[in-house]
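A quick write-up on the structure given underneath.
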Amino acid sequence: MTLLKRGSLVLTSTAAAFLTVLGAASEAAAASYPVVGTSNVNARSGPGTSYQIIKTYKPGTNLTLVCQTPGETITGPLGTSNIWDKTADGVYVSDTYVKTGSDGYVVGRC
């Protein structure tokens with residue numbers, strides 16, 4: 001095997017290992033948080049009430065959050081906040097309806 005081929009093989013193996021570790025870290029960072037409230041919570045196409053309702057979640061449903069972003073300020077059962085949580089389903093829910101245990105960001109920003 002030539003030095004160039006050997007170098008490419010090492011680089012390819014290193015890149016594959018890095019991506020595997022990166023993927024495992026992303027999966028480990030994902031956490032589930034329960035929906036709170038007394039009625040179904042709207043999940044929208046974007047971070048505000050002007051966005052289309054895509055689905056609803058029942059209280060007690062655990063949501064996996066992929067990121068959070070600022071949006072319309074909402075008052076809900078957990079207070080008032082402009083943070084919106086993007087779920088693994090690709091929809092947005094006001095953080096005031098998701099019990100993350102924090103008034104701030106608990107996952108990366110979108």
Side-chain angles (χ1 to χ4, degrees):
M1 192 178 290
T2 67
L3 182 57
L4 181 58
K5 285 183 181 177
R6 209 173 316 143
S8 295
L9 182 58
V10 170
L11 182 58
T12 302
S13 297
T14 302
F18 175 74
L19 292 174
T20 300
V21 169
L22 183 62
S26 296
E27 288 176 21
S32 292
Y33 302 95
V35 171
V36 298
T38 57
S39 59
N40 288 349
V41 174
N42 293 330
R44 298 178 177 274
S45 61
T49 58
S50 63
Y51 290 88
Q52 180 182 5
I53 297 170
I54 304 298
K55 63 190 307 182
T56 60
Y57 293 111
K58 294 179 181 180
T61 302
N62 285 318
L63 302 181
T64 300
L65 307 184
V66 295
C67 62
Q68 294 175 297
T69 191
E72 180 183 349
T73 298
I74 299 293
T75 298
L78 297 174
T80 300
S81 177
N82 73 333
I83 297 175
W84 285 73
D85 304 330
K86 186 173 183 181
T87 71
D89 296 335
V91 295
Y92 293 84
V93 176
S94 169
D95 193 59
T96 63
Y97 290 91
V98 182
K99 189 174 182 180
T100 62
S102 173
D103 290 336
Y105 292 86
V106 296
V107 295
R109 288 199 180 198
C110 300

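Numbers here simply count residues along the sequence, with the first being 1. Atoms considered below: every heavy atom in the structure, side chains included; atoms not considered: hydrogens, waters and symmetry mates.
- Considering OG1 of Thr87 and NZ of Lys55, their distance stands at 6.5 Å, rounded to 0.5 Å.
- Counting only heavy atoms from C-beta outward, the side chains of Asp85 and Tyr33 never approach each other to under 4.5 Å.
- Atom OH of Tyr97 sits about 12.0 Å away from atom OG of Ser81, to the nearest 0.5 Å.
- Listed here is the closest heavy atom pair of Ile54 and Ser45: CG1-N, 3.7 Å.
- To the nearest 0.5 angstrom, Gln68 atom CD is 9.0 Å from Arg109 atom CZ.
- With Val41 as reference, Val93 is the one residue of Val93, Val98, Val36 to meet the side-chain contact (heavy atoms from CB on, under 4.5 Å) rule.
- Of all non-hydrogen atoms in Pro59 and Thr38, the two that sit nearest each other are CG-C, 4.2 Å.
- Expressed to the nearest 0.5 Å, how far OG1 of Thr56 lies from CG of Asn40 amounts to 4.5 Å.
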> Can you list the steps and then say if Lys58 with Val35 is a side chain to side chain contact (heavy atoms under 4.5 Å, CB included)?
Replying inline: CA-CA 7 Å; Lys58 294 179 181 180; Val35 171; over 6 Å; no
> Could you go step by step and tell me if Val66 and Val107 meet the side chain to side chain contact (heavy atoms under 4.5 Å, CB included) rule?
Replying inline: CA-CA 7 Å; Val66 295; Val107 295; over 6 Å; no
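- Counting non-hydrogen atoms of neighbouring residues, nucleotides and ligands closer than 6.0 angstrom, the CG atom of Asp103 reaches no more than 12 such neighbours.
- Annotation for Arg44 and Ile53: closest pair NH1-CG1, 3.4 Å, computed over non-hydrogen atoms.
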>> I'd like to know whether Thr96 forms a side-chain hydrogen bond (donor to acceptor under 3.5 Å, both in side chains) with Ser94, so could you lay out the CA-CA distance, the side-chain angles of the two residues, the decisive distance to 0.1 Å, and finally the verdict.
In response: CA-CA 5 Å; Thr96 63; Ser94 169; 2.8 Å; yes
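- Of all heavy-atom pairs between Cys110 and Tyr92, the closest is SG-CE2, 4.5 Å.
- Using a 4.5 Å cut-off on side-chain heavy atoms (C-beta onward), Tyr105 and Pro70 make contact.
- Distance alone, capped at 3.5 Å, is enough to place a donor-acceptor pair between the Glu72 side chain and the Thr49 backbone.
- At least one side-chain heavy atom of Thr100 sits under 4.5 Å from a side-chain heavy atom of Leu65.
- Note: Thr80 OG1 to Asp95 CG = 11.5 Å, rounded to the nearest 0.5 Å.
- In terms of heavy-atom proximity, Pro77 sits nearest to Gly37 at CG-CA, 4.1 Å.
- Residues Ile74 and Trp84 approach most closely at CG1-CZ2, 3.4 Å, considering heavy atoms.
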